[in-house]
Amino acid sequence: MNKLFVKTPEKYWAYLALFVWGGLVFMLLHKASYGVDEGAAQALLLVWSVVDNVASPVVALGFPDFRAIFLAPVGFLWTGNVLAAKIATIIVMAAAAWAFNAWKKSKGDSEGGLLATGLLLISPLVLDQIDTISVAPFLLLTFVLGAWLEKMYGETPLAFGGMYFAQLFLCMVSITLHPIGLAYPLALLWSWYKSSLHERQRSYFIVGITFAVLLTLALTSGWAHVGWFENPVASLSSVLLGATDADEISVLRWVVGVWAVLVLLVVLWKQAGELWADFLGRIFLIALVIGVLTSDAIFAMVALVICLYWGLPLLLYKPESRESGFWGQRGMVLLLILVVSTVFMVVDKGRYQQVMSGDLSPRDSIIRALAEDSGNFLNETPGQDVHDKKTIRVASQWPGLTMLACRCDALPLPPTAKDGEALLAMLRGVNYLIFDPRNPVNSSLSHNLANMGAGKVETAVLQRGGVIVEIKSSLPNKAGE
């Protein structure tokens, strides 16, 4: 056995560790078509529509982000399988973690990179992002790939070469994923502005990046699925405790969130120079500043990466002294890793129990009520011929998720109407509305529905996560319309 360990290259043990990690993560994921991020649902539906050559209302939901590119292979091979997309997200996260560790090793920080990567992979926040097929794993991979491309291009700069266009493409990918993705092209612009290469080549690069950024912003027309100005303390509490569906923040989350803010500020104060000097660190520093505007789970993920990959070295690499002993050199780091990893695993265990019990978030519960109570909503009865089924259209606050779960035609909610009659005219051909009436964005819609005359609309289901409203007076759809 000793000879086997010695003769086997370290990278193969790393492959084995990532494979085991992937298998364990798979056990912690929801296996149903619920809980997926809205943008990921639209990307999957677009890929499936292209593969099956089927017209789908998903094209009316706007320009999808570039998760569709990452998910295209599994979309072609396993059409209609959400679980395959989650496995692909596990692979993307494993590749990102591998690249992060390799980057830190190339900078002479192999010990800190290895410890940070281990903690990152078992963090509840990463598991939440994988389960929802969130943009975080794809954005992290884009950032670290961009750092490697910039390094390789700097070694052999060639105007209009493959590396040049690859970086422009990664700029477009990162921007479509999230506003934080703007950090990568901004870091590139700064690097090339300060570059000592030929003036003309530098101008080509700056003009190319600027054009790619403006073109992508025009295509996306903003980030429809991103919430702005959320509570940063609540978001940073998910670094240790994972995401939550609760409307109110508990005392524990306030305490953990404030603690996370303080740790992040200390790391920034101590390591701001190191972060800015390193290209990958510069990306994350800019991403953190942009992320303050959203303060969502992606912002928390950026903060987690900074604390792990640039915070741990503060404890690892202190001036060693013979009198410092074990605790002065590695003891405190070992104790901290033990505490943090224990908290991570306790939260992961709670997540596993939640998955086994089939618990869903309030939003997913109301979508499940529409999708699984098919006898009341989707007009499906056992043994019914497919040609006899009435076409059902749903206007949803989450059209991608609704379409993914109930396999029906789903459209976005109608725009603001001046009164109930104007709203009813917009809903021609729509059978059901599903939305969260407590969301301030839907206040006008809730008001118009409440003021409609009797017999025009009826509340079919009312839950904590939202409401399903049946449109009684909407003209029914004929089969094939």
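Since we're looking at a predicted model, the values are computed, not measured. No hydrogens, no waters, no symmetry mates; every other heavy atom, side chains included, goes into these values.
Side-chain atoms of Arg351 come within 3.5 Å of backbone N or O of Leu28 as a donor-acceptor pair. Of the possible polar contacts, one joining the Arg67 side chain to the Ile133 backbone as a donor-acceptor pair under 3.5 Å is found. Using modelled atom types, no side-chain atom of Trp223 and backbone atom of Leu177 make a donor-acceptor pair closer than 3.5 Å. The closest donor-acceptor contact from the side chain of Ser238 to the backbone of Ala234 lies at 3.5 Å or more, if one exists at all. At least one donor-acceptor pair under 3.5 Å links the side chain of Asp128 to the backbone N or O of Ala243.
Ring geometry for Tyr184 against Phe279 counts as perpendicular: the plane angle is over 60°, on a 0 to 90° scale with 30° as the lower cut.
Atom CD of Glu274 is separated from atom CG of Leu314 by 9.0 Å, given to the nearest 0.5 angstrom. Between the CD1 atom of Ile90 and the CD1 atom of Ile130 there is a distance of 5.5 Å, given to the nearest 0.5 Å. Summarising the geometry, atom OG1 belonging to Thr89 is positioned 9.5 Å from atom CG belonging to Asp131; distances are rounded to the nearest 0.5 Å. Interatomic distance, Leu236 CG to Arg253 CZ, rounded to the nearest 0.5 Å: 11.5 Å. Atom CG of Asp359 and atom CD of Gln354 lie 5.5 Å apart (nearest 0.5 Å). In this structure, the separation between OG1 on Thr117 and CG on Asn101 is 4.0 Å, given to the nearest 0.5 Å.
Tested against Phe143 for a side-chain contact (heavy atoms from CB on, under 4.5 Å), the candidates Leu141, Leu139, Leu145 yield a single pass: Leu139.
With ring centers used as reference points, Phe284 lies under 6.0 Å from Phe100. For Trp276 and Trp190, the gap between ring centers is short of 6.0 Å.
The heavy-atom pair separating Ser341 from Ile122 by the smallest distance is CB-CD1, 4.0 Å. In terms of heavy-atom proximity, Gly311 sits nearest to Val267 at CA-CG2, 3.9 Å. Listed here is the closest heavy atom pair of Gln129 and Pro137: CB-CD, 4.1 Å. In plain terms, the two heavy atoms of Gln271 and Trp310 that are nearest each other are NE2-O, 2.9 Å. Of all the heavy atoms in Ala300 and Ser235, the pair that sits closest is CB-O, 3.3 Å. Taking all atoms of both residues into account, the shortest heavy-atom contact from Leu241 to Pro124 is C-CB, 4.4 Å.
Side-chain atoms of Pro414 and Leu427, non-hydrogen and from C-beta on, do get closer than 4.5 Å to each other. Contact of the Leu119 side chain with the Ser123 side chain is not registered, since no non-hydrogen atoms from C-beta on lie closer than 4.5 Å. Side-chain contact check for Asp37 versus Trp398: every heavy-atom pair is 4.5 Å or farther apart. The shortest side-chain heavy-atom distance between Asn431 and Ile471 does not fall under the 4.5 Å cut-off. No side-chain heavy atom of Ile392 sits under 4.5 Å from any side-chain heavy atom of Asp409. Between Leu411 and Val394, the closest side-chain pair of non-hydrogen atoms is not below 4.5 Å. Residues Phe66 and Ile175 are not in side-chain contact: their nearest non-hydrogen atoms beyond the backbone lie 4.5 Å or more apart. Tyr193 places none of its side-chain heavy atoms less than 4.5 Å from the side chain of Leu189.
Checking His30 against Asp364 by side-chain atom types alone, no donor-acceptor pair falls below 3.5 Å. Side chain to side chain, Glu230 and Ser295 fail the donor-acceptor criterion of an N or O pair below 3.5 Å. Judged purely by distance below 3.5 Å, without hydrogens or angles, the side chains of Ser361 and Tyr34 never pair a donor atom with an acceptor atom. Between the side chains of Asn442 and Gln397, at least one donor-acceptor pair of N or O atoms lies under 3.5 Å. There is a side-chain donor-acceptor pair under 3.5 Å between Asp278 and Trp103. Counted by atom type alone, Ser191 and Arg282 present one or more donor-acceptor pairs between their side chains at under 3.5 Å.
Electrostatic pairing of Arg363 and Asp436 does not count as a salt bridge here, judged by no charged N lying under 4.0 Å from a carboxylate O. A salt bridge is defined here as a Lys NZ or Arg NE, NH1 or NH2 lying under 4.0 Å from an Asp or Glu carboxylate O, and Glu470 with Lys456 fails to meet this definition.
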- Task: Given side-chain hydrogen bond (donor to acceptor under 3.5 Å, both in side chains), test Asp65 with His178 step by step and report yes or no.
- Result: CA-CA 9 Å; Asp65 60 52; His178 197 272; over 6 Å; no
- Intermediate values then yes/no, side chain to side chain contact (heavy atoms under 4.5 Å, CB included), Thr459 and Leu462: CA-CA 7 Å; Thr459 300; Leu462 178 61; 4.3 Å; yes
- Residue pair Ile180, Val302: steps toward the side chain to side chain contact (heavy atoms under 4.5 Å, CB included) verdict: CA-CA 9 Å; Ile180 286 177; Val302 171; 4.2 Å; yes
- Task: Dump the intermediate steps for side chain to side chain contact (heavy atoms under 4.5 Å, CB included) on Gln42 and Leu404, then the final yes or no.
- Result: CA-CA 8 Å; Gln42 294 184 15; Leu404 191 70; over 6 Å; no
- For side chain to side chain contact (heavy atoms under 4.5 Å, CB included), just list the numbers for Asn231 and Trp254, CA-CA rounded to whole Å, side-chain angles, deciding distance to a tenth of an Å, and then say yes or no. CA-CA 10 Å; Asn231 189 339; Trp254 272 109; 3.6 Å; yes
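Within 6.0 Å of the CH2 atom in Trp228, the count of heavy atoms belonging to other residues, nucleotides or ligands exceeds 12.
Note that Lys31 lies in the cation-pi zone of Phe26, set by a 6.0 Å cut-off to the ring centre and a 45° limit from the axis.
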